[in-house]
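For reference, the structure discussed in these notes is given below.
Note that the structure is predicted; figures quoted are calculated from it, not measured. FYI, side chains are in, hydrogens and waters are out, and symmetry mates aren't considered; it's all heavy atoms of this structure.
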Amino acid sequence: MTDPINGRNGTPRNSAMAVAASALTAQQSRMRIIAENIANAESTATTAGGNPYRRQIPVFEARQVDGATGVSLAEVRPDESDFRREYDPTHPAADGDGYVLRPNVDTLIEAMDMREAQRAYEANLNVIETARSMESRTLDILKR
């Protein structure tokens with residue numbers, strides 16, 4: 001079957017929807033990583049003088065999707081910034097000097113990143129809805 005819009009053989013596809021769908025998946029992964037960072041923002045090491053949770057950062061890469069350039073999650077890297085140090089000699093994770101290492105997670109930054117990911121997700125949903133609407137209108141015109 002020939003695609004009436006693209007003129008290609010095979011299953012009709014809309015590359016705009018495929019690209020937006022890849023972005024939806026990428027943003028969903030990003031939100032999951034941010035949620036994990038927030039959940040571990042106040043955790044400490046399980047042993048005295050040990051390292052706490054280290055913030056994770058999603059890394060995206062471009063990839064081909066239906067003849068267009070989409071996006072995918074390439075890897076998740078640890079944030080190498082320094083841990084926060086707090087003086088609390090009574091804490092079980094305190095080192096010999098009485099300091100406890102806290103995660104390098106700033107919940108305000110994570111909240112802003114989450115909001116940005118949500119906005120990007122919503123924008124890509126709008127792209128899919130618009131592409132579907134345009135395809136529907138095109139088919140209606142072709143039926144006449």
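Side chains of Q56 and D79 form no contact here, defined as non-hydrogen atoms less than 4.5 Å apart. V100 places none of its side-chain heavy atoms less than 4.5 Å from the side chain of R85. Within the 4.5 Å cutoff, no side-chain heavy atoms of V105 are placed close to those of I38. Contact of the R54 side chain with the E80 side chain is registered, since non-hydrogen atoms from C-beta on lie closer than 4.5 Å. Side-chain contact check for S22 versus S72: every heavy-atom pair is 4.5 Å or farther apart. For the pair V65 and V71, the minimum side-chain heavy-atom distance is 4.5 Å or more. Between I128 and N126, every side-chain heavy-atom pair lies at or beyond the 4.5 Å cut-off.
No hydrogens or angles considered: nothing links the side chains of T138 and D140 as a donor-acceptor pair under 3.5 Å.
We find that E135 and R137 are not joined by a salt bridge, their nearest charged nitrogen and carboxylate oxygen being 4.0 Å or further apart. Of the charged side-chain nitrogens involved, at least one lies within less than 4.0 Å of a carboxylate oxygen, so that D113 and R55 count as a salt-bridged pair.
Summarising the geometry of P103 relative to S43, their closest heavy-atom pair is CD-O, 2.9 Å, with the distance given to 0.1 Å. Residues N51 and A45 come closest through the heavy atom pair O-CB, 3.6 Å. Among all heavy-atom pairs drawn from A94 and A48, the shortest one is O-CB, 3.5 Å. Scanning all heavy atoms of the two residues, the minimum distance from Y53 to E36 falls at OH-OE2, 3.3 Å.
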Going through the distances and angles, do M114 and E110 end up as a side-chain contact (heavy atoms from CB on, under 4.5 Å)?
CA-CA 6 Å; M114 181 67 84; E110 298 301 323; over 6 Å; no
Salt bridge (charged side-chain N to carboxylate O under 4.0 Å, His left out) between E61 and R63, intermediate numbers included:
CA-CA 6 Å; E61 69 181 358; R63 69 177 175 94; over 6 Å; no
Is there a side-chain contact (heavy atoms from CB on, under 4.5 Å) between T44 and L101 once you walk through the steps?
CA-CA 7 Å; T44 58; L101 292 178; over 6 Å; no
Show your working on side-chain contact (heavy atoms from CB on, under 4.5 Å) between V76 and I57 and close with a plain yes or no.
CA-CA 6 Å; V76 180; I57 303 170; over 6 Å; no
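Around atom CZ of R84, more than 12 heavy atoms belonging to other residues, nucleotides or ligands sit under 6.0 Å away. Within 6.0 Å of the CE atom in M112, the count of heavy atoms belonging to other residues, nucleotides or ligands exceeds 12.
To the nearest 0.5 angstrom, T130 atom OG1 is 10.5 Å from L125 atom CG. Note that CG of N37 and CZ of R32 are 10.0 Å apart. Values are rounded to the nearest 0.5 Å. To the nearest 0.5 Å, atoms CE (M134) and CD (E129) are separated by 14.0 Å.
Side-chain N or O atoms of S136 include none that pairs as donor or acceptor with a backbone N or O of S133 at under 3.5 Å. Between the side chain of D95 and the main chain of G98, a donor-acceptor pair closer than 3.5 Å is present.
Annotation: ring-ring contact (aromatic ring centres under 6.0 Å, His included) contacts of Y99 (sequence neighbours excluded): Y87. For the side-chain contact (heavy atoms from CB on, under 4.5 Å) test, residues two or more places apart in sequence or in another chain that qualify with P58 are R30, I33, F60, L73.
Counting only residues at least two apart or in different chains, ring-ring contact (aromatic ring centres under 6.0 Å, His included) contacts with residues 109-144 are absent.
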